[in-house]
**Student:** 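Can you keep this structure in mind? I'll have questions shortly.
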Amino acid sequence: MESTPVKLYVDDGSQPSRACMIFCEMNNIPYEKVETRILKAQHKTEEFKKINPLGQVPVLQDGEHYFRESHAILKYLHSTRNCPDHWYPSDAIKRARVDELLDWHHCFLRQGAGNTVFKTLFGPKIGMKFSEGEIEWHKTILSYSLHMLDSKFLGNHKFLLSDELTIADLSIFCELTSLGFLSMDFSEYPNIKTWYSAIDSIEEVSKVCKPVKKFIKMFNNQLKAKI
Amino acid sequence: MESTPVKLYVDDGSQPSRACMIFCEMNNIPYEKVETRLVKGDNRKEEFLKINPLGQVPAMKHGEFCLREGHAIMKYLHASFDCADHWYPACIKKRAKVDELLDWYHSVLRQGAAPVVFKTVFSKFFGMKFPEDEIKMHHKILKLSLKNIENIFLTDDFLAGPEICIADLTFYNEILQLKYVEYDLSKYPKLLAWCDRMAAIPEVQKITKVILSFIKAFLDKPKAKI
(Lines give C-alpha, C1' and ligand atoms only; values in the text may rest on other atoms or scores of the structure.)
Protein backbone atom coordinates (compact mmCIF):
# COMPACT_ATOMS: atom_id res chain seq x y z
CA MET A 1 0.00 0.00 0.00
CA GLU A 2 1.38 3.34 -1.05
CA SER A 3 1.96 6.09 1.50
CA THR A 4 4.18 8.58 -0.35
CA PRO A 5 2.53 11.99 -0.77
CA VAL A 6 1.30 12.68 -4.26
CA LYS A 7 1.37 15.83 -6.37
CA LEU A 8 -1.76 16.95 -8.14
CA TYR A 9 -1.31 19.37 -11.02
CA VAL A 10 -4.67 21.11 -11.01
CA ASP A 11 -6.69 24.21 -11.79
CA ASP A 12 -9.47 25.12 -9.33
CA GLY A 13 -11.63 25.96 -12.32
CA SER A 14 -11.22 22.47 -13.78
CA GLN A 15 -14.02 20.09 -12.88
CA PRO A 16 -11.98 16.88 -12.98
CA SER A 17 -9.20 18.63 -10.99
CA ARG A 18 -11.65 19.32 -8.19
CA ALA A 19 -12.96 15.75 -8.22
CA CYS A 20 -9.42 14.46 -7.62
CA MET A 21 -8.74 16.97 -4.83
CA ILE A 22 -12.03 16.18 -3.08
CA PHE A 23 -11.24 12.47 -3.26
CA CYS A 24 -7.85 13.06 -1.61
CA GLU A 25 -9.37 15.28 1.09
CA MET A 26 -12.16 12.84 1.92
CA ASN A 27 -9.75 9.90 2.04
CA ASN A 28 -6.98 11.68 3.97
CA ILE A 29 -4.51 11.25 1.10
CA PRO A 30 -1.73 13.80 1.58
CA TYR A 31 -1.17 15.75 -1.62
CA GLU A 32 0.70 18.77 -2.85
CA LYS A 33 -1.52 21.01 -4.95
CA VAL A 34 0.50 22.31 -7.91
CA GLU A 35 -1.45 25.21 -9.42
CA THR A 36 -1.55 24.87 -13.19
CA ARG A 37 -3.70 27.75 -14.42
CA ILE A 38 -5.41 27.17 -17.76
CA LEU A 39 -6.24 30.83 -18.28
CA LYS A 40 -2.53 31.59 -17.88
CA ALA A 41 -1.70 28.79 -20.37
CA GLN A 42 0.45 27.01 -17.77
CA HIS A 43 -0.81 23.69 -19.16
CA LYS A 44 0.83 24.55 -22.49
CA THR A 45 4.37 25.12 -21.18
CA GLU A 46 7.21 22.83 -22.25
CA GLU A 47 7.73 21.88 -18.61
CA PHE A 48 4.14 20.78 -18.12
CA LYS A 49 4.01 18.93 -21.42
CA LYS A 50 6.90 16.76 -20.18
CA ILE A 51 4.57 15.37 -17.55
CA ASN A 52 1.44 15.36 -19.71
CA PRO A 53 2.09 15.65 -23.44
CA LEU A 54 -1.64 16.18 -23.96
CA GLY A 55 -1.37 19.47 -22.04
CA GLN A 56 -4.37 18.81 -19.78
CA VAL A 57 -5.15 18.95 -16.08
CA PRO A 58 -5.44 17.14 -13.74
CA VAL A 59 -2.23 15.15 -13.61
CA LEU A 60 -1.16 12.97 -10.70
CA GLN A 61 2.49 12.45 -9.82
CA ASP A 62 3.17 9.46 -7.57
CA GLY A 63 6.90 9.01 -7.10
CA GLU A 64 8.33 8.86 -10.60
CA HIS A 65 5.01 7.97 -12.23
CA TYR A 66 2.61 10.39 -13.85
CA PHE A 67 -1.05 9.71 -14.60
CA ARG A 68 -3.55 11.79 -16.54
CA GLU A 69 -7.36 11.48 -16.92
CA SER A 70 -9.26 12.09 -13.71
CA HIS A 71 -11.17 8.81 -13.69
CA ALA A 72 -7.92 6.88 -14.11
CA ILE A 73 -6.40 8.98 -11.30
CA LEU A 74 -9.35 8.38 -8.95
CA LYS A 75 -9.26 4.64 -9.57
CA TYR A 76 -5.49 4.54 -9.11
CA LEU A 77 -5.65 6.44 -5.81
CA HIS A 78 -8.48 4.24 -4.60
CA SER A 79 -6.47 1.08 -5.31
CA THR A 80 -3.21 2.29 -3.85
CA ARG A 81 -4.32 4.24 -0.78
CA ASN A 82 -6.57 1.79 1.10
CA CYS A 83 -9.76 3.75 0.55
CA PRO A 84 -13.20 2.49 1.63
CA ASP A 85 -14.82 0.11 -0.80
CA HIS A 86 -17.93 2.21 -1.51
CA TRP A 87 -15.98 4.70 -3.63
CA TYR A 88 -15.21 2.08 -6.31
CA PRO A 89 -16.49 -1.31 -5.12
CA SER A 90 -14.47 -4.46 -5.59
CA ASP A 91 -17.65 -6.44 -6.35
CA ALA A 92 -17.69 -6.85 -10.17
CA ILE A 93 -21.36 -5.92 -10.55
CA LYS A 94 -21.25 -2.85 -8.31
CA ARG A 95 -18.01 -1.71 -9.92
CA ALA A 96 -19.49 -2.11 -13.40
CA ARG A 97 -22.35 0.21 -12.37
CA VAL A 98 -19.83 2.91 -11.40
CA ASP A 99 -18.00 2.35 -14.70
CA GLU A 100 -21.28 2.79 -16.63
CA LEU A 101 -21.76 6.23 -15.08
CA LEU A 102 -18.15 7.34 -15.46
CA ASP A 103 -18.21 6.44 -19.17
CA TRP A 104 -21.59 8.11 -19.70
CA HIS A 105 -20.26 11.24 -18.02
CA HIS A 106 -17.40 11.49 -20.53
CA CYS A 107 -19.59 10.98 -23.57
CA PHE A 108 -22.53 13.09 -22.56
CA LEU A 109 -22.54 15.37 -19.52
CA ARG A 110 -18.91 16.44 -20.00
CA GLN A 111 -19.48 17.07 -23.71
CA GLY A 112 -22.51 19.19 -22.90
CA ALA A 113 -21.62 21.00 -19.70
CA GLY A 114 -17.84 21.34 -20.01
CA ASN A 115 -17.99 22.55 -23.59
CA THR A 116 -20.93 24.93 -23.14
CA VAL A 117 -19.19 26.70 -20.25
CA PHE A 118 -15.77 26.74 -21.90
CA LYS A 119 -16.81 27.71 -25.40
CA THR A 120 -19.28 30.44 -24.42
CA LEU A 121 -17.28 32.00 -21.61
CA PHE A 122 -13.62 31.06 -21.29
CA GLY A 123 -12.38 29.98 -24.69
CA PRO A 124 -13.05 33.42 -26.20
CA LYS A 125 -11.04 34.99 -23.33
CA ILE A 126 -7.94 33.12 -24.48
CA GLY A 127 -8.43 34.00 -28.11
CA MET A 128 -10.37 30.93 -29.22
CA LYS A 129 -13.33 31.13 -31.58
CA PHE A 130 -16.26 28.74 -31.80
CA SER A 131 -19.16 28.69 -34.20
CA GLU A 132 -22.81 29.09 -33.28
CA GLY A 133 -23.62 25.60 -34.59
CA GLU A 134 -20.97 24.04 -32.41
CA ILE A 135 -22.23 25.73 -29.26
CA GLU A 136 -25.84 24.82 -30.03
CA TRP A 137 -24.80 21.18 -30.33
CA HIS A 138 -23.19 21.26 -26.88
CA LYS A 139 -26.27 22.92 -25.37
CA THR A 140 -28.47 20.17 -26.82
CA ILE A 141 -26.27 17.50 -25.26
CA LEU A 142 -26.26 19.38 -21.94
CA SER A 143 -30.02 19.52 -21.85
CA TYR A 144 -30.29 15.83 -22.69
CA SER A 145 -27.71 14.92 -20.03
CA LEU A 146 -29.44 16.84 -17.26
CA HIS A 147 -32.74 15.24 -18.19
CA MET A 148 -31.18 11.74 -18.10
CA LEU A 149 -29.43 12.43 -14.80
CA ASP A 150 -32.62 13.69 -13.17
CA SER A 151 -35.05 11.12 -14.57
CA LYS A 152 -32.98 7.95 -15.00
CA PHE A 153 -29.97 8.01 -12.70
CA LEU A 154 -31.09 9.90 -9.60
CA GLY A 155 -34.00 9.54 -7.23
CA ASN A 156 -33.57 5.93 -6.10
CA HIS A 157 -30.89 6.47 -3.46
CA LYS A 158 -29.25 9.33 -1.61
CA PHE A 159 -26.42 9.27 -4.17
CA LEU A 160 -26.17 7.90 -7.69
CA LEU A 161 -25.92 4.20 -6.89
CA SER A 162 -26.56 3.84 -3.16
CA ASP A 163 -26.60 5.82 0.04
CA GLU A 164 -22.81 6.01 -0.10
CA LEU A 165 -20.68 8.11 -2.43
CA THR A 166 -18.81 6.71 -5.41
CA ILE A 167 -16.21 8.36 -7.59
CA ALA A 168 -18.98 8.84 -10.18
CA ASP A 169 -20.79 11.15 -7.73
CA LEU A 170 -17.66 13.31 -7.39
CA SER A 171 -17.01 13.49 -11.11
CA ILE A 172 -20.58 14.39 -12.02
CA PHE A 173 -21.02 16.78 -9.06
CA CYS A 174 -17.92 18.74 -10.06
CA GLU A 175 -19.15 19.00 -13.64
CA LEU A 176 -22.42 20.49 -12.42
CA THR A 177 -20.71 23.03 -10.14
CA SER A 178 -19.27 24.71 -13.21
CA LEU A 179 -22.79 25.34 -14.51
CA GLY A 180 -22.89 28.08 -11.89
CA PHE A 181 -21.03 30.16 -14.49
CA LEU A 182 -24.19 29.94 -16.59
CA SER A 183 -26.29 30.77 -13.51
CA MET A 184 -27.97 27.36 -13.59
CA ASP A 185 -29.79 26.46 -10.39
CA PHE A 186 -31.34 23.05 -11.26
CA SER A 187 -34.82 24.24 -10.25
CA GLU A 188 -36.23 22.23 -13.17
CA TYR A 189 -34.45 19.10 -11.94
CA PRO A 190 -35.65 18.20 -8.44
CA ASN A 191 -33.61 14.99 -8.10
CA ILE A 192 -30.43 16.76 -9.20
CA LYS A 193 -31.16 19.58 -6.75
CA THR A 194 -31.54 17.23 -3.76
CA TRP A 195 -28.48 15.13 -4.63
CA TYR A 196 -26.37 18.18 -5.39
CA SER A 197 -27.21 19.83 -2.03
CA ALA A 198 -26.31 16.67 -0.15
CA ILE A 199 -22.81 16.62 -1.68
CA ASP A 200 -22.38 20.39 -1.56
CA SER A 201 -22.80 20.36 2.23
CA ILE A 202 -19.82 18.00 2.76
CA GLU A 203 -16.95 19.83 4.48
CA GLU A 204 -14.16 18.66 2.14
CA VAL A 205 -16.29 19.47 -0.90
CA SER A 206 -16.84 23.02 0.41
CA LYS A 207 -13.13 23.41 1.03
CA VAL A 208 -12.08 22.36 -2.48
CA CYS A 209 -14.88 24.23 -4.27
CA LYS A 210 -14.36 27.49 -2.36
CA PRO A 211 -12.06 29.13 -4.97
CA VAL A 212 -14.28 28.25 -7.95
CA LYS A 213 -17.45 29.37 -6.14
CA LYS A 214 -15.77 32.67 -5.33
CA PHE A 215 -14.81 33.00 -8.97
CA ILE A 216 -18.37 32.14 -10.10
CA LYS A 217 -19.83 34.77 -7.77
CA MET A 218 -17.39 37.43 -8.97
CA PHE A 219 -18.03 36.48 -12.58
CA ASN A 220 -21.80 36.65 -12.26
CA ASN A 221 -21.64 39.95 -10.39
CA GLN A 222 -19.49 41.40 -13.18
CA LEU A 223 -22.05 40.21 -15.73
CA LYS A 224 -24.91 41.80 -13.79
CA ALA A 225 -22.96 45.06 -13.50
CA LYS A 226 -22.59 45.15 -17.29
CA ILE A 227 -26.31 44.70 -17.96
CA MET B 1 -14.79 -18.80 -13.78
CA GLU B 2 -18.29 -17.97 -14.83
CA SER B 3 -20.35 -20.47 -16.78
CA THR B 4 -23.65 -18.55 -17.15
CA PRO B 5 -24.02 -17.61 -20.82
CA VAL B 6 -23.60 -14.00 -21.90
CA LYS B 7 -25.96 -12.17 -24.26
CA LEU B 8 -24.54 -9.25 -26.22
CA TYR B 9 -27.04 -6.86 -27.72
CA VAL B 10 -25.09 -5.43 -30.62
CA ASP B 11 -25.16 -3.85 -34.04
CA ASP B 12 -22.33 -4.77 -36.45
CA GLY B 13 -22.20 -1.14 -37.44
CA SER B 14 -21.50 -0.01 -33.88
CA GLN B 15 -17.84 0.42 -33.01
CA PRO B 16 -18.09 -0.47 -29.30
CA SER B 17 -20.37 -3.42 -30.16
CA ARG B 18 -17.64 -4.92 -32.33
CA ALA B 19 -15.02 -4.31 -29.63
CA CYS B 20 -17.09 -6.34 -27.14
CA MET B 21 -17.64 -9.18 -29.61
CA ILE B 22 -13.94 -9.35 -30.50
CA PHE B 23 -13.09 -9.43 -26.79
CA CYS B 24 -15.39 -12.41 -26.30
CA GLU B 25 -14.03 -14.20 -29.38
CA MET B 26 -10.39 -13.67 -28.40
CA ASN B 27 -11.04 -14.83 -24.83
CA ASN B 28 -13.26 -17.79 -25.75
CA ILE B 29 -16.20 -16.34 -23.84
CA PRO B 30 -19.34 -18.00 -25.18
CA TYR B 31 -21.93 -15.40 -26.09
CA GLU B 32 -25.22 -15.08 -27.87
CA LYS B 33 -25.21 -12.26 -30.40
CA VAL B 34 -28.57 -10.51 -30.20
CA GLU B 35 -28.88 -8.34 -33.29
CA THR B 36 -30.12 -4.92 -32.26
CA ARG B 37 -30.27 -2.89 -35.46
CA LEU B 38 -30.14 0.86 -34.99
CA VAL B 39 -31.45 1.64 -38.47
CA LYS B 40 -34.49 -0.54 -37.72
CA GLY B 41 -35.06 1.16 -34.36
CA ASP B 42 -34.54 -2.09 -32.40
CA ASN B 43 -32.80 -0.03 -29.72
CA ARG B 44 -36.01 1.94 -29.12
CA LYS B 45 -38.25 -1.07 -28.48
CA GLU B 46 -39.68 -1.74 -24.99
CA GLU B 47 -37.95 -5.08 -24.79
CA PHE B 48 -34.52 -3.57 -25.35
CA LEU B 49 -35.14 -0.56 -23.14
CA LYS B 50 -35.61 -2.99 -20.24
CA ILE B 51 -32.01 -4.12 -20.87
CA ASN B 52 -30.66 -0.59 -21.44
CA PRO B 53 -33.01 2.30 -20.65
CA LEU B 54 -30.66 4.63 -22.53
CA GLY B 55 -31.46 2.76 -25.74
CA GLN B 56 -27.83 2.31 -26.80
CA VAL B 57 -25.73 -0.58 -28.00
CA PRO B 58 -23.79 -2.49 -26.92
CA ALA B 59 -25.62 -3.85 -23.91
CA MET B 60 -24.96 -7.09 -22.10
CA LYS B 61 -27.09 -9.51 -20.11
CA HIS B 62 -25.31 -12.04 -17.91
CA GLY B 63 -27.86 -14.05 -15.95
CA GLU B 64 -30.09 -11.34 -14.52
CA PHE B 65 -27.40 -8.66 -14.64
CA CYS B 66 -27.76 -6.06 -17.39
CA LEU B 67 -24.90 -3.71 -18.27
CA ARG B 68 -24.32 -0.92 -20.77
CA GLU B 69 -21.17 0.99 -21.99
CA GLY B 70 -18.61 -0.94 -24.04
CA HIS B 71 -15.71 -0.38 -21.66
CA ALA B 72 -17.73 -1.33 -18.58
CA ILE B 73 -18.82 -4.51 -20.38
CA MET B 74 -15.29 -5.53 -21.33
CA LYS B 75 -13.93 -4.82 -17.85
CA TYR B 76 -16.74 -6.81 -16.29
CA LEU B 77 -16.18 -9.74 -18.66
CA HIS B 78 -12.44 -9.58 -18.01
CA ALA B 79 -13.03 -9.82 -14.25
CA SER B 80 -15.74 -12.47 -14.50
CA PHE B 81 -14.14 -14.83 -17.01
CA ASP B 82 -10.58 -14.96 -15.79
CA CYS B 83 -9.11 -13.56 -19.01
CA ALA B 84 -5.42 -13.01 -19.75
CA ASP B 85 -3.91 -10.19 -17.71
CA HIS B 86 -2.63 -8.09 -20.62
CA TRP B 87 -6.17 -7.10 -21.60
CA TYR B 88 -6.67 -5.09 -18.40
CA PRO B 89 -3.68 -5.64 -16.12
CA ALA B 90 -4.01 -6.33 -12.42
CA CYS B 91 -0.88 -4.22 -11.77
CA ILE B 92 -2.37 -0.93 -10.64
CA LYS B 93 0.07 1.27 -12.55
CA LYS B 94 -0.34 -0.69 -15.80
CA ARG B 95 -4.11 -0.70 -15.35
CA ALA B 96 -4.10 3.07 -14.83
CA LYS B 97 -2.31 3.44 -18.16
CA VAL B 98 -5.10 1.49 -19.90
CA ASP B 99 -7.68 3.59 -18.03
CA GLU B 100 -5.99 6.76 -19.31
CA LEU B 101 -6.47 5.54 -22.89
CA LEU B 102 -10.07 4.39 -22.37
CA ASP B 103 -11.04 7.74 -20.85
CA TRP B 104 -9.27 9.73 -23.56
CA TYR B 105 -11.08 7.67 -26.19
CA HIS B 106 -14.47 8.78 -24.87
CA SER B 107 -13.55 12.43 -24.49
CA VAL B 108 -11.60 12.90 -27.68
CA LEU B 109 -11.40 10.17 -30.35
CA ARG B 110 -15.05 9.19 -30.04
CA GLN B 111 -16.07 12.89 -30.23
CA GLY B 112 -14.17 13.24 -33.49
CA ALA B 113 -14.35 9.97 -35.42
CA ALA B 114 -17.89 8.77 -34.71
CA PRO B 115 -19.68 12.06 -35.45
CA VAL B 116 -17.60 12.65 -38.60
CA VAL B 117 -18.92 9.36 -39.96
CA PHE B 118 -22.45 9.59 -38.53
CA LYS B 119 -23.11 13.21 -39.42
CA THR B 120 -21.60 12.95 -42.91
CA VAL B 121 -22.97 9.57 -43.94
CA PHE B 122 -25.77 8.26 -41.71
CA SER B 123 -27.71 11.24 -40.53
CA LYS B 124 -29.78 11.20 -43.72
CA PHE B 125 -31.02 7.67 -42.93
CA PHE B 126 -32.29 8.89 -39.59
CA GLY B 127 -33.82 12.05 -41.05
CA MET B 128 -31.28 14.26 -39.29
CA LYS B 129 -29.34 17.25 -40.57
CA PHE B 130 -26.28 18.88 -39.04
CA PRO B 131 -24.76 22.29 -39.75
CA GLU B 132 -21.47 22.47 -41.60
CA ASP B 133 -19.63 24.17 -38.74
CA GLU B 134 -20.63 21.41 -36.33
CA ILE B 135 -19.13 18.80 -38.69
CA LYS B 136 -16.00 20.95 -39.03
CA MET B 137 -15.59 20.88 -35.26
CA HIS B 138 -15.69 17.07 -35.26
CA HIS B 139 -13.08 16.99 -38.04
CA LYS B 140 -10.78 19.17 -35.95
CA ILE B 141 -11.13 16.85 -32.97
CA LEU B 142 -10.54 13.81 -35.20
CA LYS B 143 -7.36 15.32 -36.62
CA LEU B 144 -6.07 16.08 -33.13
CA SER B 145 -6.96 12.54 -32.02
CA LEU B 146 -5.05 10.91 -34.85
CA LYS B 147 -2.02 13.11 -34.20
CA ASN B 148 -2.06 12.16 -30.54
CA ILE B 149 -2.29 8.45 -31.32
CA GLU B 150 0.55 8.72 -33.84
CA ASN B 151 2.90 10.96 -31.87
CA ILE B 152 2.15 10.19 -28.23
CA PHE B 153 0.38 6.89 -27.69
CA LEU B 154 1.91 4.46 -30.18
CA THR B 155 5.37 3.85 -28.71
CA ASP B 156 5.09 0.05 -28.90
CA ASP B 157 3.26 -2.59 -30.95
CA PHE B 158 -0.02 -1.85 -29.16
CA LEU B 159 -1.39 1.16 -27.33
CA ALA B 160 -0.33 0.23 -23.80
CA GLY B 161 2.72 -1.92 -24.59
CA PRO B 162 3.86 -5.03 -26.46
CA GLU B 163 0.56 -6.85 -25.93
CA ILE B 164 -3.01 -5.99 -26.91
CA CYS B 165 -5.38 -4.47 -24.34
CA ILE B 166 -9.08 -3.51 -24.36
CA ALA B 167 -8.19 0.02 -25.50
CA ASP B 168 -6.77 -1.40 -28.76
CA LEU B 169 -10.16 -2.95 -29.53
CA THR B 170 -12.19 0.24 -29.06
CA PHE B 171 -9.66 2.49 -30.81
CA TYR B 172 -9.31 0.11 -33.76
CA ASN B 173 -13.03 -0.17 -34.36
CA GLU B 174 -13.44 3.60 -34.19
CA ILE B 175 -10.72 4.09 -36.80
CA LEU B 176 -12.05 1.29 -38.99
CA GLN B 177 -15.34 3.18 -39.24
CA LEU B 178 -13.49 6.03 -40.98
CA LYS B 179 -13.39 3.89 -44.13
CA TYR B 180 -16.96 5.07 -44.70
CA VAL B 181 -15.62 8.52 -45.49
CA GLU B 182 -12.41 7.19 -47.12
CA TYR B 183 -10.41 9.15 -44.57
CA ASP B 184 -6.80 9.60 -45.58
CA LEU B 185 -4.56 8.08 -42.90
CA SER B 186 -1.37 8.17 -44.96
CA LYS B 187 0.15 10.86 -42.72
CA TYR B 188 0.10 8.43 -39.79
CA PRO B 189 2.51 5.55 -40.56
CA LYS B 190 2.64 4.16 -37.00
CA LEU B 191 -1.13 4.20 -36.83
CA LEU B 192 -1.35 2.35 -40.16
CA ALA B 193 1.16 -0.28 -39.00
CA TRP B 194 -0.85 -0.79 -35.81
CA CYS B 195 -4.07 -1.09 -37.87
CA ASP B 196 -2.39 -3.80 -39.96
CA ARG B 197 -1.41 -5.70 -36.80
CA MET B 198 -4.99 -5.53 -35.57
CA ALA B 199 -6.47 -6.48 -38.95
CA ALA B 200 -4.27 -9.59 -39.08
CA ILE B 201 -5.94 -11.08 -35.99
CA PRO B 202 -8.40 -13.85 -37.07
CA GLU B 203 -11.09 -12.91 -34.51
CA VAL B 204 -10.90 -9.26 -35.61
CA GLN B 205 -11.34 -10.39 -39.22
CA LYS B 206 -14.32 -12.53 -38.25
CA ILE B 207 -16.15 -9.76 -36.39
CA THR B 208 -15.35 -6.93 -38.81
CA LYS B 209 -16.37 -8.91 -41.90
CA VAL B 210 -19.93 -7.59 -41.81
CA ILE B 211 -19.04 -3.90 -41.37
CA LEU B 212 -16.40 -4.13 -44.11
CA SER B 213 -18.99 -5.56 -46.48
CA PHE B 214 -21.40 -2.70 -45.54
CA ILE B 215 -18.64 -0.17 -46.22
CA LYS B 216 -17.80 -1.73 -49.58
CA ALA B 217 -21.45 -1.76 -50.61
CA PHE B 218 -21.83 1.85 -49.51
CA LEU B 219 -18.76 3.05 -51.41
CA ASP B 220 -19.67 1.08 -54.53
CA LYS B 221 -23.13 2.65 -54.72
CA PRO B 222 -23.52 5.44 -57.26
CA LYS B 223 -23.45 8.68 -55.25
CA ALA B 224 -26.71 10.00 -56.68
CA LYS B 225 -28.73 7.26 -55.00
CA ILE B 226 -27.50 8.09 -51.45
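Below, chains carry the letters A, B, ... as their sequence lines are ordered, and counting in each starts from 1. Small disclaimer: the values here were computed from a predicted structure and weren't measured.
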**Student:** Show the nearest heavy-atom pair for residues A:D150 and A:Y189, with the distance to one decimal.
**Tutor:** OD1-C, 3.1 Å
**Student:** Under 4.5 Å, counting heavy-atom pairs only, tell me which of B:Q56, B:H138, B:E69 racks up the most with chain A.
**Tutor:** B:E69
**Student:** Identify which of A:H138, A:H71, A:Q111, A:Q56 forms the greatest number of heavy-atom pairs closer than 4.5 Å to chain B.
**Tutor:** A:Q111
**Student:** Look at A:R97, A:H105, A:K75, A:E132 and state which one has the largest set of heavy-atom pairs under 4.5 Å with chain B.
**Tutor:** A:R97
**Student:** Where does B:K119 contact chain A at under 4.5 Å (heavy atoms): side chain, backbone, both or neither?
**Tutor:** side chain
**Student:** Do A:K152's NZ or CZ and the ring of A:W104 fall within the cation-pi criteria of under 6.0 Å and 45°?
**Tutor:** no
**Student:** Can you confirm if the aromatic rings of B:F23 and B:W87 lie within a centre distance of less than 6.0 Å?
**Tutor:** yes
**Student:** Parallel, tilted or perpendicular for B:Y9 and B:F48, by the 30°/60° rule?
**Tutor:** tilted
**Student:** Considering only heavy atoms, which portion of A:K119 lies under 4.5 Å from any heavy atom of chain B: side chain, backbone, both, or neither?
**Tutor:** side chain
**Student:** As an exercise: rank B:L54, B:I92, B:L102 by heavy-atom pairs under 4.5 Å with chain A and give me the winner.
**Tutor:** B:I92
**Student:** Let me confirm one number: the CG-CG distance from B:L159 to B:L101, rounded to the nearest 0.5 Å.
**Tutor:** 5.5 Å
**Student:** Which atoms of A:R68 are under 4.5 Å from chain B, going by heavy atoms: the side chain, the backbone, both sets, or neither?
**Tutor:** both
**Student:** Sort A:H65 into side chain, backbone, both or neither according to what part of it lies under 4.5 angstrom from a heavy atom of chain B.
**Tutor:** side chain
**Student:** Of all of B:H71, B:K136, B:K75, B:Q111, which one pairs up most often with chain A through heavy atoms under 4.5 Å apart?
**Tutor:** B:Q111
**Student:** Taking B:I73, B:D133, B:D103 one by one, which has the highest count of heavy-atom pairs under 4.5 Å against chain A?
**Tutor:** B:D103
**Student:** Do we get A:K193 above A:F186's six-membered ring, with its NZ or CZ under 6.0 Å from the centre and within 45° of the axis?
**Tutor:** no
**Student:** Shorter than 4.5 Å, heavy atoms on both sides: which option in A:I73, A:D99, A:I93 has the most such pairs with chain B?
**Tutor:** A:I93
**Student:** So which of B:P53, B:A79, B:S107, B:G70 has the largest heavy-atom pair count under 4.5 angstrom toward chain A?
**Tutor:** B:S107
**Student:** Just by distance, with hydrogens left out, do A:H106 and B:Y105 show a side-chain donor and acceptor under 3.5 Å apart?
**Tutor:** no
**Student:** Report the option among A:E134, A:E100, A:E136 that has the most heavy-atom pairs separated by less than 4.5 Å from atoms of chain B.
**Tutor:** A:E100
**Student:** At a heavy-atom distance under 4.5 Å, which candidate from B:R110, B:E132, B:K97 has the highest pair count against chain A?
**Tutor:** B:K97
**Student:** Taking all atoms of both residues into account, what is the closest heavy-atom pair of B:E100 and A:Y66, and its distance?
**Tutor:** OE2-O, 3.9 Å
**Student:** In terms of heavy-atom proximity below 4.5 Å to chain A, should B:I152 be classed as side chain, backbone, both, or neither?
**Tutor:** side chain
**Student:** If I compare all heavy atoms of B:G55 with all of B:N43, which pair ends up nearest, and what's the gap?
**Tutor:** O-ND2, 3.0 Å
**Student:** Determine whether A:W195 and A:F159 satisfy the following criterion, ring pair (Phe, Tyr, Trp, His ring centres under 6.0 Å), listing intermediate values before the conclusion.
**Tutor:** CA-CA 6 Å; A:W195 163 84; A:F159 300 114; 7.9 Å; no
